[in-house]
Amino acid sequence: MVFLNPNFQNPTGAVISSERREQLFSVASELGLPIVEDDPFSLTAFEGAAPAPLKSMDANGNILYIGSFSKIAASGLRIGWMVAPNSIVQRLADARQQMDFGLSVIPQQVAAQFIKSDAFQPHLDRLQIQLQFKRDLLIESLRRELGEQISFVTPQGGLHLWCMLHPKVPDGKLLDEAIRRGVVFVPGGVYGSDSGFVRFTYARAKTEEIESGIAKFAEALHSLID
Ligand SMILES: Cc1ncc(COP(=O)(O)O)c(C=O)c1O
């Protein structure tokens, strides 16, 4: 099985190019490998639509596509959706039923009504504007505080900014210094990378917290390299 998060990947924000999608799709089809396409971020795309899912190429039911309310509405709803052949959906529903007797119907009703309602698209439009605003504020703050000491590719959707630090400092020490100053971040090591990478999330922080949080992060970094 191949597990992919092709649009605005967590943690890097990367999007798989269309050439690579075609290659992936044809290799997986040739080898008979099912693909799980995890796509919780496409509905946050900042400008225009996100690239079409791999699922759109799939005539043979080789791709199990999953989406989630967690990043666009409320993670507490614990609701997602799946596009897959009926036999797979039935088996997964059965497994879920055996794990915890299945999800409560009430949040599912709330989610279904929200998707169908006139409020859903305006909600997404607002969310995209707010996320893009916070992404820009985060980037401005990083450029101002850290200049050449940090580099990144600006994400076009999703919630995360993946950064490389120059010079690379040990994850643990940087996190300790940051926590002492009252700010936390996710060190790249959590995702299996070497020290010197950091993931910032701009979704949850309030706009007024972003600048001061990055100033504290910069102080923490400077305390290790100055
Ligand atoms: C890549 C990815 N997929 C899916 C999810 C959503 O998971 P769930 O719907 O279980 O909240 C997340 C949330 O952290 C994620 O980062």
Side-chain angles (χ1 to χ4, degrees), residues 1-17 20-21 24-25 28 33-46 49-56 58 62-84 88-89 91-116 120 123-124 127-128 130-132 134-135 138 152-163 171 175 184-193 197-205:
M1 183 182 92
V2 186
F3 185 92
L4 296 172
N5 176 201
N7 285 344
F8 318 125
Q9 192 239 13
N10 180 10
T12 62
V15 172
I16 300 181
S17 68
R20 205 151 162 72
R21 283 170 197 250
L24 273 164
F25 183 69
L33 273 177
I35 295 178
V36 176
E37 181 173 19
D38 179 30
D39 189 22
F41 301 118
S42 281
L43 290 174
T44 66
F46 299 148
L54 265 92
K55 182 71 185 163
S56 62
D58 179 32
N62 210 34
I63 299 184
L64 195 162
Y65 176 90
I66 45 181
S68 173
F69 259 98
S70 286
K71 309 299 175 192
I72 55 160
S75 51
L77 273 176
R78 310 309 302 148
I79 303 287
W81 53 90
M82 180 190 303
V83 185
I88 294 179
V89 174
R91 285 182 65 183
L92 290 174
D94 186 47
R96 177 82 207 216
Q97 184 78 14
Q98 291 184 36
M99 274 156 59
D100 59 6
F101 301 109
L103 284 166
S104 161
V105 171
I106 295 166
Q108 295 182 67
Q109 287 285 357
V110 171
Q113 285 192 21
F114 185 37
I115 284 188
K116 281 187 274 177
F120 188 55
H123 163 76
L124 290 180
L127 178 72
Q128 287 152 10
Q130 284 166 356
L131 284 174
Q132 192 173 2
K134 291 206 254 181
R135 176 204 68 179
L138 172 61
F152 46 80
V153 176
T154 302
Q156 300 306 321
L159 319 181
H160 310 296
L161 183 72
W162 179 250
C163 303
D171 273 358
L175 191 56
V184 284
F185 63 90
V186 184
V190 168
Y191 300 102
S193 77
F197 293 87
V198 167
R199 189 199 77 170
F200 292 113
T201 299
Y202 42 86
R204 195 174 289 271

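Throughout, numbering of the chain's residues begins at 1 and tracks the sequence. Atoms within a ligand are numbered from 1 in the order they appear, just like the ligands themselves.
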Are any protein N/O atoms closer than 3.5 Å to the N/O atoms of ligand 1? If there are, list each pair with names and the distance to one decimal place.
from, atom 1, to, atom 2, distance (Å)
ligand 1, 3 (N), Asp38, OD1, 3.2
ligand 1, 3 (N), Asp38, OD2, 2.5
ligand 1, 9 (O), Ser68, OG, 2.6
ligand 1, 9 (O), Ser70, OG, 3.3
ligand 1, 10 (O), Arg78, NH2, 3.1
ligand 1, 11 (O), Ser70, OG, 2.5
ligand 1, 11 (O), Arg78, NH1, 3.1
ligand 1, 14 (O), Lys71, NZ, 2.7
ligand 1, 16 (O), Asn10, ND2, 2.7

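In this structure, Ser75 contributes its side chain and Ser70 its backbone to no donor-acceptor pair below 3.5 Å. In this structure, Gln156 contributes its side chain and Thr154 its backbone to a donor-acceptor pair below 3.5 Å. Judged by distance alone, with hydrogens and angles left aside, the side-chain atoms of Gln128 form a donor-acceptor pair with the main-chain N or O of Leu43 at under 3.5 Å.
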Let me have the donor-acceptor pairs involving side chains of residues 94-101, under 3.5 Å, with sequence neighbours excluded, atom names and distances please.
from, atom 1, to, atom 2, distance (Å)
Asp94, OD2, Gln98, NE2, 3.1
Arg96, NE, Asp100, OD1, 3.3
Arg96, NE, Asp100, OD2, 3.2
Arg96, NH2, Asp100, OD2, 2.7
Asp100, OD1, Gly102, N, 3.0

Side chains of residues 3-13: which donor-acceptor pairs under 3.5 Å do they make with residues two or more places apart or in other chains?
from, atom 1, to, atom 2, distance (Å)
Asn5, OD1, Asn10, N, 2.9
Asn5, ND2, Asp38, O, 3.0
Asn7, OD1, Arg21, NH2, 2.5
Asn7, ND2, Ser42, OG, 2.8
Asn7, ND2, Pro51, O, 2.9
Gln9, OE1, Thr12, N, 3.3
Gln9, OE1, Thr12, OG1, 2.5
Asn10, OD1, Arg199, NH1, 2.8
Thr12, OG1, Ala14, N, 3.2

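Considering only residues two or more places apart in sequence or on other chains, Lys55 meets the side-chain contact (heavy atoms from CB on, under 4.5 Å) condition with Glu37, Pro53, Asp58, Ile63, Tyr65, Val83.
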